[in-house]
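Just below is one structure, and these are the notes that go with it.
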Amino acid sequence: MSIPTDLEILNTAYRLYYSSYISFECNNEARDSKIYVPVDCRKIANELKVDADIVFGRLYYHLDKKYGYKHEDGSSVHLFAIKVGKDRNCVNFPLMSSVLAGLRQERGRFWIGTVIATLALIVSSVSLTVSITQMENSNISNQTTAEAASD
């Protein structure tokens with residue numbers, strides 16, 4: 001069983017709850033805030049095939065600590081909040097979207113660098129093989145010329 005990455009957890013939450021985020025109406029009784037969207041950690045965990053406490057722990061203990069911040073007036077902005085009004089286990093959807101975009105960009109840069117490094121390795125391997133082959137061929141032709149000169 002593999003442990004889901006931050007990117008996988010946030011991608012799954014985004015995919016599952018985006019429609020809920022955009023469907024918010026101010027006089028809606030479904031939730032108290034547009035920004036904070038309640039998520040079901042068990043539903044996310046089922047998608048990722050892990051225990052729900054793993055998802056909750058990553059959101060609450062790791063990702064909220066990593067990406068949440070404080071304003072100058074001392075108020076906190078949480079990525080994941082246990083309770084917002086009457087809603088429980090909420091993600092700050094705009095903040096999560098921003099973090100997700102950064103993680104996706106980071107992954108893209110990683111893969112571009114990996115592909116470039118792999119191509120460079122292939123080119124250098126081919127160059128080394130060609131130069132070794134040419135060196136062997138020139139040694140053989142030099143050896144043949146030396147034998148012919150001694151006759």
Side-chain angles (χ1 to χ4, degrees), residues 1-140:
M1 170 165 51
S2 68
I3 299 170
T5 64
D6 295 348
L7 179 61
E8 290 169 328
I9 290 171
L10 295 180
N11 263 332
T12 303
Y14 186 88
R15 182 174 44 80
L16 292 175
Y17 294 99
Y18 178 74
S19 60
S20 176
Y21 172 70
I22 61 170
S23 68
F24 179 81
E25 295 178 16
C26 290
N27 57 0
N28 190 351
E29 302 266 334
R31 67 177 198 259
D32 287 342
S33 169
K34 176 174 175 81
I35 292 175
Y36 285 98
V37 177
V39 296
D40 182 355
C41 292
R42 185 167 280 114
K43 186 176 181 180
I44 296 169
N46 286 341
E47 290 278 323
L48 298 170
K49 296 177 180 39
V50 296
D51 186 85
D53 290 331
I54 297 289
V55 172
F56 175 84
R58 290 286 287 284
L59 287 168
Y60 182 66
Y61 296 111
H62 174 67
L63 292 170
D64 185 54
K65 303 297 184 252
K66 188 172 182 178
Y67 297 109
Y69 58 93
K70 285 190 183 272
H71 285 289
E72 289 178 13
D73 66 359
S75 62
S76 295
V77 176
H78 294 279
L79 175 70
F80 182 79
I82 298 291
K83 188 166 171 108
V84 176
K86 69 178 189 273
D87 298 324
R88 300 194 42 81
N89 295 340
C90 299
V91 294
N92 180 327
F93 216 85
L95 179 56
M96 182 186 74
S97 298
S98 177
V99 169
L100 183 57
L103 291 172
R104 287 176 178 175
Q105 184 178 31
E106 189 178 303
R107 179 189 61 185
R109 273 192 241 133
F110 168 78
W111 281 112
I112 288 170
T114 301
V115 166
I116 289 170
T118 302
L119 290 173
L121 180 64
I122 291 169
V123 167
S124 64
S125 297
V126 168
S127 297
L128 180 64
T129 303
V130 167
S131 69
I132 289 173
T133 304
Q134 286 179 345
M135 190 169 57
E136 287 175 355
N137 286 342
S138 74
N139 284 342
I140 291 172

What are the two closest non-hydrogen atoms of Ser33 and Val84, and how far apart are they? CB-CG1, 4.3 Å
Looking at every non-hydrogen atom in both residues, tell me the closest pair between Leu48 and Pro4 and how far apart they are. CD1-CB, 4.0 Å
The reported gap from OG1 in Thr5 to CG in Asn11 (rounded to nearest 0.5 angstrom) is 8.0 Å
Enumerate, atom names and distances included, each donor-acceptor pair closer than 3.5 Å involving a side-chain atom of residues 66-73, sequence neighbours excluded.
unit_1, atom_1, unit_2, atom_2, d
Lys70, NZ, Ser76, OG, 3.3
Asp73, OD1, Ser75, N, 2.9
Asp73, OD1, Ser75, OG, 2.7

What one should report as the nearest heavy-atom pair of Val50 and Ser2 is CG1-O, 3.9 Å
About how many Å separate CD1 of Ile9 and CE of Met96, when rounded to the nearest 0.5 Å? 11.5 Å
Does Asp64 reach the main-chain N or O of Phe80 with its side chain, forming a donor-acceptor pair under 3.5 Å? yes
Roughly how far, to the nearest 0.5 Å, is the CG atom of Asn89 from the SG atom of Cys41? 5.0 Å
Say whether, by atom type as modelled, one donor and one acceptor occur between the side chain of Tyr36 and the main chain of Gly85 under 3.5 angstrom. no
Ser20 backbone acceptor or donor facing Arg31 side chain under 3.5 Å: yes
Can you tell me how far apart OG1 (Thr114) and CG (Leu119) are? Round to the nearest 0.5 Å. 11.0 Å
Evaluation steps, side chain to side chain contact (heavy atoms under 4.5 Å, CB included), between Leu10 and Leu63: CA-CA 10 Å; Leu10 295 180; Leu63 292 170; 4.0 Å; yes
Given Glu106 and Phe110, is the side chain to side chain contact (heavy atoms under 4.5 Å, CB included) satisfied, shown in steps? CA-CA 6 Å; Glu106 189 178 303; Phe110 168 78; 6.0 Å; no
For Ser131 against Leu128, the heavy-atom pair lying closest together: OG-O, 3.0 Å
Separation of Ile44 CD1 from Arg58 CZ (nearest 0.5 Å): 12.0 Å
Around Arg42, counting heavy atoms of other residues, nucleotides and ligands shown, do more than 12 lie under 6.0 Å from its CZ? no
Please examine the side chains of Leu7 and Leu100, heavy atoms only from C-beta on, and report whether any two atoms are closer than 4.5 Å. yes
Tyr21, OH atom: more than 12 neighbouring heavy atoms under 6.0 Å: yes
Distance in Å, Asp40 CG paired with Phe56 CZ, rounded so as to fall on 0.5 Å steps: 12.5 Å
